[in-house]
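A single structure is presented below for examination.
Residue numbers start at 1 and run along the sequence shown. Read the numbers this way: they start at 1 and go in the same order the structure lists the ligands and their atoms.
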Amino acid sequence: MGKRALITGIAGQDGTYLAEHLLEQGYEVVGLMRGQQNPKAPLVRALLPDVQLVQGDLLDQGSLIAALESVQPDEVYNLGAVSFVPLSWQQPALTTETTGLGPLRMLEAIRIVCGIGEGSRSPRPGVSFYQASTSEMFGLVNGSPQNEQTPFHPRSPYGVAKAYAHYITQNYRESYGLFAVSGILFNHESPRRGIEFVTRKVTMNVARIALGMEQKLRLGNLDAQRDWGFAGDYVKAMHMMLQADAPKDYVIGTGVTHSVRDLVRVAFERVGLDWEKYVEVDPQFFRPAEVDTLRADPARAQEVLGWRAETTFEELIGSMVDADLARLSGSCSREYLEIA
Ligand code: G4F
């Protein structure tokens with residue numbers, strides 16, 4: 001019998017790549033979808049016809065219990081969140097409810113459905129839990145590169161909410177013996193990334209400029225540095241973490257850092273243009289508190305899981321520019337459906 005996985009955030013970049021990866025591994029995959037007539041549902045059905053959808057919302061405890069009861073998953077991947085950092089300053093309470101307390105509600109749902117921690121009832125074995133933690137928890141970094149021991153200093157309501165979710169996952173592992181792990185993923189991108197994030201904003205606008213549809217690209221802090229990898233590589237690490245002998249948290253990244261300036265240079269080079277003629281700095285994109293620089297030390301993931309990033313920064317950004325050129329010229333494949 002193959003395993004069954006339940007994924008929250010199925011309509012996001014990571015949800016779609018993870019679903020595809022698990023289907024390839026012979027899993028039955030169910031995605032949690034919130035809301036009535038969710039506008040993303042038709043896109044998910046088109047991209048992932050073999051994935052079933054179940055109603056549920058990370059804000060609603062009862063709906064998570066009901067989803068677990070009906071799906072009976074072996075593995076739960078919690079990828080659902082408010083994930084755009086600037087939005088977390090505009091809607092900090094919603095971010096905390098979804099990104100911070102959502103994982104708590106899912107852990108509680110697992111505990112209740114499995115009968116864990118209720119003395120007389122014997123636990124039903126076997127729901128493993130993956131929490132999408134993030135390098136944003138390191139924030140104002142306390143040492144570089146960052147590994148699983150590096151202290152957190154989050155810089156946004158999003159980072160604070162993710163730090164809470166990280167610790168509550170660890171606490172449920174220690175309190176109830178759950179196989180509950182967090183992947184501390186550094187920035188991961190793809191042609192399916194939402195256009196609000198800097199990589200895709202750059203690649204989409206580079207493609208528009210190359211095709212004569214746009215004159216300028218306005219960005220915020222060009223000095224910010226990130227460890228950018230390919231989302232398709234990173235979802236494999238999520239799966240590996242739940243197959244490991246023991247539940248542990250892992251840093252997932254490339255170990256290589258680039259600035260936003262490097263990003264625009266590489267993207268414009270892909271279409272043979274000089275970025276300095278097109279990019280303007282616009283203070284409206286500056287953040288109230290910035291994460292200046294991040295770099296992963298993924299040694300534990302390499303040693304214990306045998307995971308390593310397979311895609312270079314140049315390959316990643318090149319593929320995103322190519323995908324946006326294809327989209328704009330109407331020749332995009334199903335794989336590049338606008339999903340995020
Ligand atoms: O692409 P970003 O918006 O990603 P950020 O804030 O690092 O967060 C992403 O990665 C995290 C780690 O995996 C996730 F947890 C999180 O959910 C999200 O996926 O911004 C990257 C950097 C920032 O320093 C930002 O200030 O790019 C800088 N930047 C400069 N100009 C810009 C822009 N970011 C955006 N979104 N738009 C700009 O115009």
Side-chain angles (χ1 to χ4, degrees), residues 9 12-15 17 78-91 95 98-100 102-103 131-141 146 152 154-166 182-190 192-206 214 216-231 233-235 237-238 250-254 257-265 267 275 278-296 298 309 313 316-317 320 340:
Q13 166 191 262
D14 294 6
Y17 279 113
N78 184 47
L79 313 184
V82 169
S83 63
F84 186 46
V85 173
L87 183 64
S88 76
W89 278 285
Q90 289 162 5
Q91 299 185 355
T95 301
T98 308
T99 306
Q131 167 59 17
S133 281
T134 165
S135 54
E136 282 292 302
M137 301 185 305
F138 296 123
L140 192 64
V141 294
Q146 295 83 50
F152 298 153
R155 296 274 279 169
S156 61
Y158 167 82
V160 173
K162 282 285 188 181
Y164 170 78
H166 183 86
S182 293
I184 307 174
L185 269 54
F186 283 60
N187 297 52
H188 44 288
E189 319 292 315
S190 75
R192 296 182 192 166
R193 191 60 145 144
I195 50 171
E196 66 274 35
F197 298 96
V198 74
T199 51
R200 184 73 202 298
K201 178 176 173 182
V202 167
T203 63
M204 175 54 98
N205 281 286
V206 164
E214 195 68 74
K216 292 287 177 195
L217 168 55
R218 290 178 183 81
L219 293 170
N221 180 9
L222 301 183
D223 296 320
Q225 297 180 329
R226 291 290 185 277
D227 178 336
W228 279 292
F230 172 48
D233 292 345
Y234 288 32
V235 298
M238 298 177 187
Y250 294 89
V251 157
I252 300 296
T254 68
T257 290
H258 291 92
S259 65
V260 173
R261 191 175 280 98
D262 293 335
L263 162 66
V264 288
R265 181 180 47 73
W275 72 272
Y278 301 96
V279 173
E280 288 179 356
V281 171
D282 185 337
Q284 73 163 297
F285 298 113
F286 291 167
R287 297 177 179 188
E290 177 64 286
V291 173
D292 297 321
T293 184
L294 291 170
R295 181 152 71 93
F313 177 73
L316 170 67
I317 301 307
M320 292 175 67

Exercise for the section: Would you mind telling me if ligand 1 is within reach of the side chain of V198, the backbone, both or neither, using heavy atoms under 4.0 Å? Expected result: both
Fill in the blank from the handout: Of N221, D227, V264, D14, the residue with the heavy atom nearest atom 30 (C) of ligand 1 is N221
Exercise for the section: Kindly say whether S190 contributes a backbone atom to a donor-acceptor pair with the side chain of Q13 at under 3.5 angstrom? Expected result: yes
Problem - V85 and ligand 1 - part of the residue with a heavy-atom distance under 4.0 Å - result: side chain
Exercise for the section: Just need the protein heavy atom nearest to atom 19 (O) of ligand 1, so name the residue and atom and give the distance. Expected result: R193 NH2, 2.8 Å
Problem - Protein heavy atom at shortest distance from atom 28 (C) of ligand 1 - result: V260 CG2, 3.9 Å
Fill in the blank from the handout: Tightest non-hydrogen contact, residues L222 and W275, listed as CD1-CZ3, 4.2 Å
Practice task
Tell me which protein heavy atom sits closest to atom 31 (N) of ligand 1, plus the residue, atom name and distance to 0.1 Å.
Solution key: G220 N, 2.8 Å
Handout entry: Beyond-backbone contact of V281 with F286, side-chain heavy atoms, under 4.5 angstrom
Key = yes
Completion exercise
Looking only at heavy atoms, the pair that brings V82 and T99 closest together is N-OG1, 3.0 Å
Completion exercise
In this structure, CD of E189 is separated from OG1 of T199 (nearest 0.5 Å) by 3.5 Å
Exercise for the section: Report the C-alpha separation of V291 and E136 in whole Å, then their side-chain angles, then the decisive distance to 0.1 Å, and conclude whether the side chain to side chain contact (heavy atoms under 4.5 Å, CB included) test is met. Expected result: CA-CA 7 Å; V291 173; E136 282 292 302; 3.6 Å; yes
Problem - salt bridge (charged side-chain N to carboxylate O under 4.0 Å, His left out) against R287, all qualifying residues, sequence neighbours excluded - result: none
Exercise for the section: Specify the protein heavy atom at minimum distance from atom 23 (C) of ligand 1: its residue, its atom name, and the distance to 0.1 Å. Expected result: R226 NH2, 3.4 Å
Practice task
Ignoring angles and geometry beyond distance, decide whether T199 reaches within less than 3.5 Å of ligand 1 through its nitrogen or oxygen atoms.
Solution key: no
Fill in the blank from the handout: Checking heavy atoms under 4.0 Å, the part of R287 that sits near ligand 1 is side chain
Exercise for the section: Could you say whether the N/O atoms of F84 and ligand 1 ever approach to under 3.5 Å? Expected result: no
Fill in the blank from the handout: Heavy-atom closest pair (L294 atom, T257 atom, distance to 0.1 Å) is O-OG1, 2.8 Å
Exercise for the section: Calculate, to the nearest 0.5 Å, the distance between atoms OH and CE belonging to Y158 and M137 respectively. Expected result: 9.0 Å
Exercise for the section: Report the part of E189 (side chain from C-beta onward, or backbone N, CA, C, O) that has a heavy atom under 4.0 Å from ligand 1; answer both or neither where that applies. Expected result: neither
Exercise for the section: Taking all non-hydrogen atoms of both residues into account, name the closest pair between F186 and Q146 and its distance. Expected result: CE2-OE1, 3.4 Å
Completion exercise
For L219, the atoms of ligand 1 under 4.0 Å from one of its heavy atoms are 31 (N), 39 (O)
Practice task
Of the side chain and backbone of F186, name the one, both, or neither that has a heavy atom under 4.0 Å from an atom of ligand 1.
Solution key: backbone
Exercise for the section: Heavy-atom contacts with A224 under 4.0 Å: which atoms of ligand 1 show up? List them by number with element. Expected result: 24 (O)
Fill in the blank from the handout: Within 4.0 Å of some non-hydrogen atom of S83, the atoms of ligand 1 are 16 (C), 17 (O), 18 (C)
Handout entry: Sub-3.5 Å N/O-N/O distance, W228 and ligand 1
Key = no
Practice task
Starting from atom 38 (C) of ligand 1, locate the nearest protein heavy atom and write down its residue, its atom name and how far away it is, to 0.1 Å.
Solution key: K201 NZ, 3.8 Å
Exercise for the section: Please lay out, stage by stage, how Q131 and S182 fare under the test side chain to side chain donor-acceptor pair (under 3.5 Å). Expected result: CA-CA 5 Å; Q131 167 59 17; S182 293; 6.0 Å; no
Handout entry: Minimum heavy-atom distance between G229 and Y234, given as atom pair plus value
Key = CA-OH, 3.3 Å
Problem - Minimum-distance pair of heavy atoms, taken over all atoms of L217 and K201 - result: CD1-O, 4.3 Å
Fill in the blank from the handout: Ranked by distance from atom 26 (O) of ligand 1, the top protein heavy atom is E290 OE2, 2.6 Å
Completion exercise
For L185, the atoms of ligand 1 under 4.0 Å from one of its heavy atoms are 12 (C), 13 (O)
Problem - Under-4.0 Å heavy-atom contact with ligand 1, by part of F285 that carries it - result: side chain
Problem - Ligand-residue contact atoms, ligand 1 with S135, heavy atoms, under 4.0 Å - result: 12 (C)
Fill in the blank from the handout: With heavy atoms and a 4.0 Å threshold, my read on which part of L222 contacts ligand 1 is neither
Problem - Side-chain donor or acceptor of D227 paired with backbone N/O of G253 under 3.5 Å - result: no
Practice task
Please could you name the atoms of ligand 1 that T134 approaches to less than 4.0 Å, counting only its heavy atoms?
Solution key: 11 (C), 12 (C), 13 (O), 14 (C), 15 (F)
Practice task
Looking only at protein heavy atoms, identify the closest one to atom 14 (C) of ligand 1 and say how far it is in Å.
Solution key: Y158 OH, 3.4 Å
Problem - Donor-acceptor under 3.5 Å (R218 side chain, E280 main chain) - result: no
Fill in the blank from the handout: for atom 4 (O) of ligand 1, nearest protein heavy atom and its distance come out as N187 ND2, 3.6 Å
